[in-house]
Amino acid sequence: MSYWLFKTEPDTFSIDDLKARGTTGEIWDGVRNYQARNMLRDQVQVNDRVFIYHSNCETPGVAGIARVIESGVVDPMQFNPDSKYFDPASKPDAPRWITVKVAYELHLAKPVSLASIKAHPALQDMQLVKRGNRLSILPVSEEQWETILHIEGNG
DNA sequence: GCCAACGTTGGC
DNA sequence: GCCAACGTTGGC
């Protein structure tokens with residue numbers, strides 16, 4: 001089992017929205033970066049745990065945890081001409097964008113802000129805090145996972 | 001294959 | 001809203 005961090009803009013889709021989906025979960029659609037796609041397609045597996053990270057908002061940070069409930073999911077938005085994620089170059093017999101489905105697990109007792117992650121000595125190697133990081137899917141080590149969970153009384 | 005122009009991400 | 005740091009596109 002592996003650990004990940006998925007970014008989302010809470011104005012568009014937040015941890016609360018994911019919670020509202022319940023055990024049905026949600027397809028993590030809209031990832032249109034090949035490096036992120038490759039991780040979703042090749043490495044993210046069922047039962048992996050995911051930090052849901054809120055970006056582009058007042059207090060960026062880890063808001064909660066989800067679980068991967070299905071892998072190898074074809075992102076349906078690539079075939080939807082009305083979607084901003086429509087990709088006319090992707091063909092149904094050779095879909096370009098593969099993702100996973102996740103389901104809500106919990107909110108952190110207290111969200112862990114990007115500022116507190118940056119301030120923690122044990123988290124300096126996280127790709128999240130690396131300069132110029134823009135990937136929306138990032139691997140998290142077990143040690144980093146536990147460290148974040150124990151910040152400010154979580155876990 | 002090079003690289004300038006352009007678009008996007010995302011913290012601040 | 002600003003802007004640094006990327007990724008992508010397309011002319012050549």
Side-chain angles (χ1 to χ4, degrees), chain A residues 2-21 25-44 48-66 68 71-102 104-141 143-145 147-152 154:
Chain A
S2 303
Y3 300 97
W4 306 93
L5 182 148
F6 289 7
K7 294 181 189 172
T8 182
E9 301 190 13
D11 290 348
T12 305
F13 188 81
S14 72
I15 183 83
D16 297 320
D17 295 321
L18 183 61
K19 182 177 185 179
R21 301 292 194 278
E26 179 80 1
I27 294 174
W28 204 259
D29 59 24
V31 174
R32 292 294 179 270
N33 171 284
Y34 287 105
Q35 222 179 318
R37 188 281 312 268
N38 290 348
M39 282 190 274
L40 286 170
R41 186 189 59 188
D42 304 333
Q43 293 179 250
V44 181
D48 281 0
R49 315 279 302 287
V50 178
F51 278 143
I52 302 298
Y53 177 92
H54 285 170
S55 68
N56 244 324
C57 55
E58 194 172 344
T59 306
V62 176
I65 294 175
V68 178
S71 63
V73 177
V74 175
D75 183 339
M77 291 303 112
Q78 66 194 306
F79 302 126
N80 180 353
D82 296 327
S83 170
K84 65 181 280 197
Y85 300 119
F86 177 59
D87 182 352
S90 183
K91 302 300 168 199
D93 59 350
R96 176 177 293 179
W97 304 107
I98 306 293
T99 185
V100 299
K101 187 186 263 191
V102 298
Y104 172 84
E105 215 161 60
L106 55 87
H107 279 66
L108 293 192
K110 192 175 178 196
V112 173
S113 69
L114 176 62
S116 58
I117 290 172
K118 283 182 171 172
H120 199 292
L123 298 175
Q124 298 309 300
D125 288 337
M126 280 195 81
Q127 281 184 237
L128 183 69
V129 303
K130 294 283 165 97
R131 195 181 66 137
N133 144 66
R134 285 172 52 201
L135 277 184
S136 61
I137 306 293
L138 295 170
V140 175
S141 74
E143 185 187 359
Q144 290 161 353
W145 180 273
T147 301
I148 287 175
L149 281 185
H150 288 92
I151 288 178
E152 294 173 346
N154 283 298

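Note that these values count all heavy atoms, side chains included, but never hydrogens, waters or copies made by symmetry. Per chain, numbering begins at 1; letters A, B, ... match sequence-line order.
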J.: Take atom CD1 of A/I137 and atom P of C/dG7, then tell me their distance rounded to the nearest Å.
T.: 16 Å
J.: Under 4.0 Å from OP1 or OP2 of C/dA5: is there any side-chain N or O of A/R131 that close?
T.: yes
J.: Quick check: on DNA chain C, is the nucleotide nearest A/N56 upstream (toward 5') of the one nearest A/Q35, or the reverse? Name the residue that is more 5'.
T.: A/N56
J.: What nucleic acid atoms does A/K118 come within less than 4.0 Å of, heavy atoms only: base, sugar-phosphate, or nothing?
T.: sugar-phosphate
J.: Does NZ belonging to A/K130 count more than 12 external heavy atoms closer than 6.0 Å?
T.: yes
J.: In whole angstroms, how far is the C1' atom of C/dT8 from the CG atom of A/D87?
T.: 12 Å
J.: Which is true for A/L128 with a 4.0 Å heavy-atom rule: it touches a base, it touches only sugar-phosphate, or it touches nothing?
T.: nothing
J.: So does A/Y53 get a side-chain nitrogen or oxygen closer than 4.0 Å to the phosphate oxygens (OP1/OP2) of B/dG11?
T.: yes
J.: Round to a whole Å and report the spacing from CG of A/N33 to P of C/dA5.
T.: 18 Å
J.: Counting only heavy atoms not in A/E143 (residues, nucleotides, ligands), do more than 12 fall under 6.0 Å from its CD?
T.: no
J.: Can you measure A/E9 atom CD to B/dT8 atom C1' for me and round it to whole angstrom units?
T.: 10 Å
J.: Among the nucleotides B/dG10, B/dG11, C/dT8, which one has an atom lying closest to any side-chain atom of A/K7?
T.: B/dG10
J.: Just how far, in rounded Å, is P of C/dA5 from CG of A/L135?
T.: 16 Å
J.: Measure CZ/A/R96 against C1'/C/dG7 and give the value in whole Å, please.
T.: 14 Å
J.: Could you go through the side chain to side chain contact (heavy atoms under 4.5 Å, CB included) check for A/Q144 and A/Q127 one step at a time?
T.: CA-CA 11 Å; A/Q144 290 161 353; A/Q127 281 184 237; over 6 Å; no
J.: Tell me the interatomic distance from A/K84, atom NZ, to B/dG7, atom C1', rounded to whole angstroms.
T.: 12 Å
J.: Can you label the angle between the A/F51 ring and the A/W145 ring as parallel, tilted or perpendicular, going by 30° and 60°?
T.: parallel
J.: How close or far is atom P of C/dG7 from atom CG of A/N133, stated in whole angstroms?
T.: 10 Å
